[in-house]
Each structure stands twice: as structure tokens, then as C-alpha cells.
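These notes are about the structure you will find just below.
Keep in mind that the numbers below use all heavy atoms, side chains included, and drop hydrogens, waters and symmetry copies. In the text below, chain A, chain B and the rest are named by the order of the sequence lines, each starting its count at 1.
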Amino acid sequence: MLHIFCPHCGELRSEEEFHAKGQAHIPRPLDPNACTDEEWGDYLFFRDNPRGLHHELWIHASGCRKYFNVTRHTVSYEILETYKIGEKPSVTEASLAAKKAVDQGVTA
Amino acid sequence: MSQVNRLAKGGRIDRSQPLSFSFNGQSYQGFVGDTLAAALLANGVDIVGRSFKYSRPRGIVAAGAEEPNAVLQIGSTEAAQIPNVRATQQALYAGLVANSTNGWPSVNNDVMGILGKVGGKAMPPGFYYKTFMYPQNLWLTYEKYIRKAAGLGRAPKANDPDSYDYMNQHCDVLVVGAGPAGLAAALAAARSGARVILADEQEEFGGSLLSTRETLDGKPAADWAAQALAELSKMPEVTLLPRATVNGYHDHNFLTIHQRLTDHLGEIAPLGMLRQRMHRVRAKRVVLATGAHERPLVYANNDVPGNMLADAVSTYVRRYGVAPGKQLVLSTNNDYAYRVVLDWLDAGLQVVAVADARSNPRGTWVEEARKRGVRILTGSAVVEARGSKRVTGARICAIDLKSHKVSSPGELLDCDLIVSSGGYSPVVHLASHLGGRPTWREDILAFVPGEGFQKRLCAGAVNGVFALGDVLADGFEAGANAAAEAGFKASSGSLPLVETRFEEPAVALFQVPHDKPTARAPKQFVDLQNDVTAAGIEQATREGFESVEHVKRYTALGFGTDQGKLGNINGLAIAARSLGVSIPEMGTTMFRPNYTPVTFGALAGRHCGALFEPKRYTAMQSWHLQNGAEFEDVGQWKRPWYFPKAGEDLHAAVARECLAVRNAVGILDASTLGKIDIQGPDAREFLNRVYTNAWTKLDVGKARYGLMCKEDGMVFDDGVTACLADNHFLMTTTTGGAARVLEWLEIYHQTEWPELKVYFTSVTDHWATMTLSGPNSRKLLAEVTDIDLDKDAFPFMTWKEGQVGGVPARVFRISFTGELSYEVNVQADYALGVWEKIVEAGKKHGLTPYGTETMHVLRAEKGFIIVGQDTDGSVTPDDLGMGWCVGRTKPFSWIGWRGMNREDCVRENRKQLVGLKPIDPDKVLPEGAQLVFDPKQAIPMDMVGHVTSSYASAALNHSIAMALVKGGLKRIGERVFAPLVDGSLVEAEIVSPVFYDPKGDRQNV
């Protein structure tokens, strides 16, 4: 009943059609054989745990079956944006800080 | 028994419709419009239960959701049982059967009560941490009796005959509570055209307007409520939900509303009607108009039946025509409580006295009471109630608020009803469910909702606005603002006039002092449902529990089904005083959904029984049913497990099926295995990257077994993939892994290798698969197909297209049993007919249907793994002895290659898959049995592996097993032991997992 905007379908769809698949923007190392065991372990197991914005992978499993990215706040659970694979998030901690500074009149 | 406490007239009940009901086996009468509590009080029932710890007699205290004592078991049959129903929120219906939830042999004469008197001193807070500790092995015995003694209600032992459902709703404004603030808010929002939902937990809308003595435009307040409702019910964008408790406020304005559709009609819903509905609402804006609960004062023996809330008695008199006593004493610290005195006098009953904690109260209602001859003792409070099963008197003393001491010996007045009022606590629960703690306002001595992270407004008493005129205005403004924020322009409206009344402020009083120190005075109850006393709270703080959350958990304050609605604020005020901190410094505990208990039925809705989980069936399901199959669940699929003949159990059936496959021919429904159609010029490259082995050179018409690993190098799926054309493959997966593998392929294609031109489509349901397996399978298949089955024309691990049973088919010559085997794939719509044709032709070849159990045994005899049974996510291909399947020289670093080369994956002594042959051929090892090398070692033993698959083998005449054992591949011939739970020991020899036909000749014939 929470509506999430699927960037491929181009419309809001019910949350039950989706599920989350973990942290986004983790590229597979191009040369795995050049990675040490520790580096490969980082790729396999270590993930960010932010109190704040989290950029994550979601799949529209009962819809178009495409993966996409979501920027979600881990405290308020608010979804701030959805964007396609390969794109960059426009809402980041830095952009929020900049907007806050403008709102507070610190900068223009 | 007649209704001794029913007033001759008055109330909103329908006196022309009497109802019979029973309580604790005794019959009583009430009227339509009563709550069960009102009817019990009308009949003079004092004791409704026994308290949790001390088993003290308890009576009805309140009139709404905040009732702590009248928690009853409802239901005349086993299936209709509902535990812990608040009698104050249960509408009376004909034939209602209610019982106390505790009290033995009865509530009136209870054995535990005696123990409570004697043993009470031995049960301070946390006594269960300090007593019943030793000897430790007796705890389970103690626990059984403690549970019996401290029970509340019981669960039914028969299925619920009622139906429930849920409904998703979206609205612009959700108004919670239909008292004056809520009705005003709903009017304002609805008039703007917004889509409004108005929900109230009570049987009727109107809230406090239904029992107040204040007038609106000079007329009874209930008239205005009826008018407002009439207007709202005519508006198409308004949804009215009575008997509907908004019980949880969740993220992003998602709220759950528990609506009782037919609880007021009978113990089971009338035929064709639902019992309850859960509304799941997503609201643009929420207006919380949840009102306030009156706080009782805390004084000695305040739990004896006949101690009630002032507001509750007003409600019983004015709304239900019930006077729960004859001689009333009021103990108060505020003006508003005086209305109960005036209501009592209006009903022609006696007010013995009022004890007002303030020194010189002169409010409008106070003066009116004085004028009507009521005796008011100022600077005083009821310090102690007298009586054991019913109040018989009240001791009123002068008290000094500053020093918190009694300052006079006081006087004992005869009475049978003590009503108290210590102030009003806004119902902040919903506002706080998402964590925003309420804030203390010293001016009204109350907590109001704190900062809201959600898009909500609060209006009326919940916001600390108490005067009726102000409440209506506050509600109207909130409704208009909510609608405006949701995009609807509100129109102005006029509100009814309320007579002005002069009211003086209250003084802070929570616990009334006693002549004796708290620990020695008679018990002063703070939380009635959990028997938490003021002394208990003070003791908790003395023992070092200083945080309000610790005080709560140590004393059980607020634990009960009433969530501490009447006790929590008093409790934290007492703790604050004991610690010498202010109330805001003490703070409140967390508020969590649900506001009042919700039945399991309402939560389950339709998702139970046959609708709990979808069941998936193959095209041949009807045949399986007709032929006596027993089924097992594989994921959401129902698969035939075995086909028992008359008199056979599982073992007999499986033994027969196995021998039939090895000696003649069997047929298996393999439709459930995942099938993924893969097309594209880069299909081969993609397969090379996701499988462990090589696919570049697989010719059209050939099939190959593939292992799939994750990036950590561990096996997670397997299957046979066939080359249909140079850029077209059909991949199969395990039944349970199909969806997972498809998502796996997609995530790599979409997020890592989008440049590869390849597409994936699930075709699991489109193709049905029937496997013919056994030495006679070629002969049988030849009768129903036009495909040339000659050994050289159709070799092992290839596929052919043709007709089977007159229907286009793909036939794959692959084998999971180790016998000559053909897997026939036809379009699912035609499959049943083809299956039947094969079965008919099979009669002369001894064709035997077999199920998953036989399939498991046959493949185990050949040492074939089942992913998820012989693997668990921690097993590499090399661990399985399947290094032959690993393409070590493929140019691309495929998924799993880097992972399986990590230091821990290539070390010595990893657990490896081996076969086990128990020394006793009749002993079948339990799957999961832990293995040791030395059975005589001391416990804890060094565990070296476990049994993954284990069966009795009819073909081999002895039991077999597969197991993961440390360094297993180098230990062939050694012995290993399985110490079992029952103390016995099974010895086995480590062998090759290929027990049967080790050269693999039989599948190649």
C-alpha cells in the first residue's frame, strides 16, 4: 500500500510488487584474480550500515522484473528517489547538507 | 436477579428490549445499548475477577478501553471462546455467556486470595527473581503452578468458525476519535470535499458528548452529535467506521484500524456476515482526536470493589441509567470531577462528602454542589478505603501537599462508592507509536503528544485542550488544516455555543499520603491489572532501578492488556518523587501498537486454511490423486511423494517403486523443476560466466550438467542445460531454486554485464515433464513416439524433437536414476493426455509410477547430489568430489572461481562428500546425525561431519548414506560413528558415494 515509483514502468506501484536486494553501487571487480582474499572478502561480505541515506538495489519482482536503485533513509524509512541502474543518485548526504544550508540562509 | 442498580429512567439504552445474559453461570438481565460492564453493574455484581498476583477481589473501575479489571472470558462453546475481553467495550447481546478468567473455586470465594493475604509480603516486585531459584531443576514445577495461579483467560481448543478480512484504504484525512474534537474535525474536512475516514472505538459516535451535562446551543450535547453524524453520513466522500479502533500508527501515515463488525450481535457472526475487518489505511493527513483518560488517585485499599473513576460513574449514570452504588464519596484535585456529584444528585442518590485536595475551591460546579447541600472537605483526600469485598467506608484526612503528609486523624464516613479523580491524561499512544515521546505540561499536569515526524495534527483533549467550547474549535481548525494540507480548501463553519463555566486549576496529586509510611500502609494500587503498588515502585527505585523503563519491567507496571492506561502516569510520578526528580525528567515508557488487543482472526484475515499459501500443481495432478499418491511439499508445489498400494506404508511402497525402476520401467512427474529459456548471441558467454563448467563447445542437440556457485565459491544450484540452437538454450534448475536462479541471472545481466545480448524467460509452467526411467523405457517410449530411439541415433546427454502421444515434444536423454532414462517435455495443456497414453502403453512393460522418495533413493545409490540437501551453502564443487565439473582454464573469471580459491576453500581437512555404509545393514542413519571418529571420547565430542542423505536400499539390500566428513576423500575405508539422541551408536564405513553400477553402464545402454 506504500506506493513506490518504478523507473522502468514509469508509474507508482504497490510495495508488495517489489523486494530489496541489498546495497547498490557495488561493482564486481573487473579482475577478480588480482584481488587478495581480503579484498574479495570485502566485496562478498562487507556492507555500509549508515544511519541516514542508503542507496540500495530493488527489483520489481511482480511487475517488469527489472532492477533499479532506491535512495532510502534508514531512520525514517522514507524513500527519497528511485533511479535506473547505471545512473547516479541525486539525493545524497552532501546534497541534503547543501539544501539545509540554503534553507537556513547560511549560503545562497 | 433483578437490576438493583438500574435507575428508573435515563440513559441511551432501549428499555423496551431486555436481554438475558449469564456471568459465572448465573443469569442476569440487561438492555439493548448496554455494555456488558454496565449490565453487570446494573445487576449489582461487585466482583468480576481476582487480581493477578495477590488474588484480591476486583470490580469494574472504568467505562472504556482503560478498564483494568473487568477482563472476562466470553463464549458458550469451545469454538466461540474469546479470552480477555474488556466488559466495558463489549456490547451486550442476547445469550451472552461470560466468565471470570481466574478465581478458584469462584471469584467470590477464592483460595489464592487467602494465600495472597498471607504470602503477599513474600511477593514483592521481582520476587520471581529472588524466590523459586533453587533447586534449579524444580523451576519447571514451580512455573506450572505459578502459571495456573496467575492466569488471564484461555485460548480456544476448536477452530474459529468466523470469517475475517482486510481492506486497503486511501484517504485525504483520517480522523481518529468521534468525540467533540473528532466530529468537528471530520465536519471541517468533509465540507472541503476531502475524502475523510472517521473511526471511533465505541458502539456509537459522540464520545464524551454522550454523557456530558454540558449543553450545546442550550440543547443536550448528544443532539448536536446526532446532527453532525447525519450531515457526515450524507457525504459520499466520507467513510464512517464505528466499533473501529485505530490501533497502530505506522510509518508514512499508514494506520491499522480494527473494526468489529458483528461482535455486538452474538458470539459468532450471523450467517453470511464477517466477524471483523482490518482496515489498512494510507492517509495523506491524520487528525488525532483521541481524548483523555481520567487518572484515579492512589490511596490505601483503592482496589476494593466500589472504588471507581468519577468520569466512569457519570457515564454509567447518564449513558446507561446505572448507579453502581447508593452513597457516594468523591476524592478529587480538580473541578471537572464535580460533575459526578451533580449527576448523582440528579439521579436522586446520596452524596456523602467530597474530599477536595485544594484549600479553597470555588469553581462553578463546586459552588453548585455546595448550594445543593454537598459537604465539601477542603485540603483533604480519601486516604483509605474500608471494606473487603465491597467498599463500606472512606477515611478522609487533611493532607499537606508540600510535605506529602497526612495532617489530621481524619474521619471515617460510611459509603459504598468511592470515586476519585486525579486529573486527565491525554491519550497520546497513537501519537507516540513512532517513537516521538510526549512532553509534560506543568500547567495542565499532563503529557501531551511530542513532536510528530509524521504528517499529523492533534486536536482536543489529547492536545491538552479541555473546555468543551475550545475542544470544538480546536477540532474544527485541525480538520480544516488537514484538508488544506491535503489540497482541499476548507469552508468556514459555525460551531454550537457552550455555556461558560468558571473552572479553577487542579493541584498536583497522584499518590495520596497515608499516616503510615508507604511500605507499611495498606496496599496502594497503581497498576490494578498487574497488582503493582506504590510501595513496589518505591522499592524498585531503592533497589537501583532508576530509569522509567527499568521501573516498568521490574515491577510489571503497565505490562497488562490495559497497557497501563490508568496506572502509568501515576507510577512514574511516584517513581519521580521517590528519586527526587521531576516528572518530565522521569519521562514515559515507549508506546507501541496495538492500542488495545487485536484478535488473531483479524490479523489473519483470509490468509488461513486453504488460502494461507498458494499451492502449485502440475498438469498431471488429477491423475496423481486418482492413483492414490501421497504428496509432499517442495517449495509451494505439491509433488507425489510415493504411490502406496493397498496395505503399503512408505517403506514398502518405496522399496517396490525402486525395484520397479531398476528392473522394468518407472514414470515420474518432473514438471516442477525450473526451466529457463535463454536466447541471444551472447548466451554461451553468459552460461560460461554463471556455471562452473564450459559451454562454448556444446553442440546443438546436446545437453550438459552444470553446477552454479555464488561469488564465495559455494554451490547453490545445479541442473542440465541443453543447446536448442546456437543462440538458444534451455536451462533447468532445482524445483525450489527456480525463482532464485532467474533473479540471479537477471541481476548479473542488468547490473554487471548489460552489454551481453541475452534474454531470460521462465518457462517452468509452460512445459510439463514426464520421466521414463528403467531398462524397459526405450521399448515403452518407442510405442508412443516417432523419434528414432536407437542407441546410436539418440545417445546419452542429447535431446530430440518429435511427437509423443501425438503431441509435439522435446525428449531429453538424461538420467537422475542411473538407469536408461528419457525426459519427455510437452506443452502443459496436453500433458495429462500424453501421460495417460504412456500409462496405457506401459501396462505390458510393468510401468510403475514413482514419487520423490523413490527418486531420492535411486539418485543416492548413484551418488548424485541434491543441492540444498547434500549442500548447505558452505560446500564447494571440490568438496563434493565434482572437480571434474570445474572449468579451471575458462578465460573469464566466472562466478565462484575466485571464491573457491580463497585460502580456507583450498585448505586440508575440509568436509567432503562421501558415502557411508552402516556396518549393520538394517540400521538407517538419521539424516543430520553428527559423526565422530572416536566414540569413546569425552563430551563435548569432536564432531567431524554429518549425514546429509540416508535411505534403505532395496536394490542393494542394505542401508546407504551420504555425508560430509572432514578429509573424507582421503579416508575411504575408515570407520566413523554416529552417536544418536537416544544414546545408541551407529558405526559405518566410509565408502565411495557411488553405491550402484559404479561404472555408469546402465544409463548408457
Does CZ in Arg51(A) sit with more than 12 non-hydrogen atoms of other residues, nucleotides or ligands closer than 6.0 Å? no

Show the numbers, then the answer: is there a side-chain contact (heavy atoms from CB on, under 4.5 Å) between Leu44(A) and Arg902(B)? CA-CA 12 Å; Leu44(A) 284 179; Arg902(B) 288 178 296 152; 4.0 Å; yes

Side chain to side chain contact (heavy atoms under 4.5 Å, CB included) partners of Arg282(B), counting only residues at least two apart: Met1(A), Leu2(A), Glu15(A), His170(B), His252(B), Phe254(B)

Residues Arg65(A) and Glu743(B) bridged, charged N to O under 4.0 Å: no

Could you go through the salt bridge (Lys or Arg N to Asp or Glu O under 4.0 Å) check for Lys66(A) and Glu746(B) one step at a time? CA-CA 8 Å; Lys66(A) 302 287 276 180; Glu746(B) 290 284 7; over 6 Å; no

Ile747(B) side, atom CD1; Leu57(A) side, atom CG - distance, nearest 0.5 Å: 5.0 Å

Among Gly41(A), Gly86(A), Cys35(A), which has the most heavy-atom pairs under 4.5 Å with chain B? Cys35(A)

Ionic contact status for Arg898(B) with Asp31(A), cut-off 4.0 Å: no

What part of Leu434(B) gets within 4.5 angstrom of chain A, counting heavy atoms only: side chain, backbone, both, or neither? neither

Any pair with a residue in residues 78-102 of chain A that passes ring-ring contact (aromatic ring centres under 6.0 Å, His included), sequence neighbours left out, goes on the list, sorted by first then second residue, please. His25(A)-Tyr83(A)

Does atom CD of Glu93(A) have more than 12 heavy-atom neighbours from other groups under 6.0 Å away? yes

Does Glu38(A) CD have over 12 foreign heavy atoms under 6.0 Å away? no

Nearest 0.5 Å please: distance from the CG atom of Leu30(A) over to the CD atom of Glu752(B). 8.5 Å

Name all residues meeting the side-chain hydrogen bond (donor to acceptor under 3.5 Å, both in side chains) criterion together with Ser874(B); count only those two or more places apart in sequence or in a different chain, and write none if there are none. Asp872(B)

Are more than 12 heavy atoms, taken from residues, nucleotides or ligands other than Lys615(B), located less than 6.0 Å from that residue's NZ atom? yes

Nearest-0.5 Å distance, CG of residue Asn33(A) to CG of residue Asn901(B): 8.0 Å

Got more than 12 heavy atoms from elsewhere within 6.0 Å of OH, Tyr77(A)? no

Checking heavy atoms, do the side chain of Trp894(B), its backbone, both or neither come under 4.5 Å from chain A? backbone

Does anything in residues 729-738 of chain B reach chain A? List residues with heavy atoms under 4.5 Å apart, or say none. none

To the nearest 0.5 Å, what is the distance between CG on Asp712(B) and CZ on Phe45(A)? 5.5 Å

Considering all heavy atoms, the nearest Gln750(B)-Ile85(A) contact: O-CG2, 3.4 Å

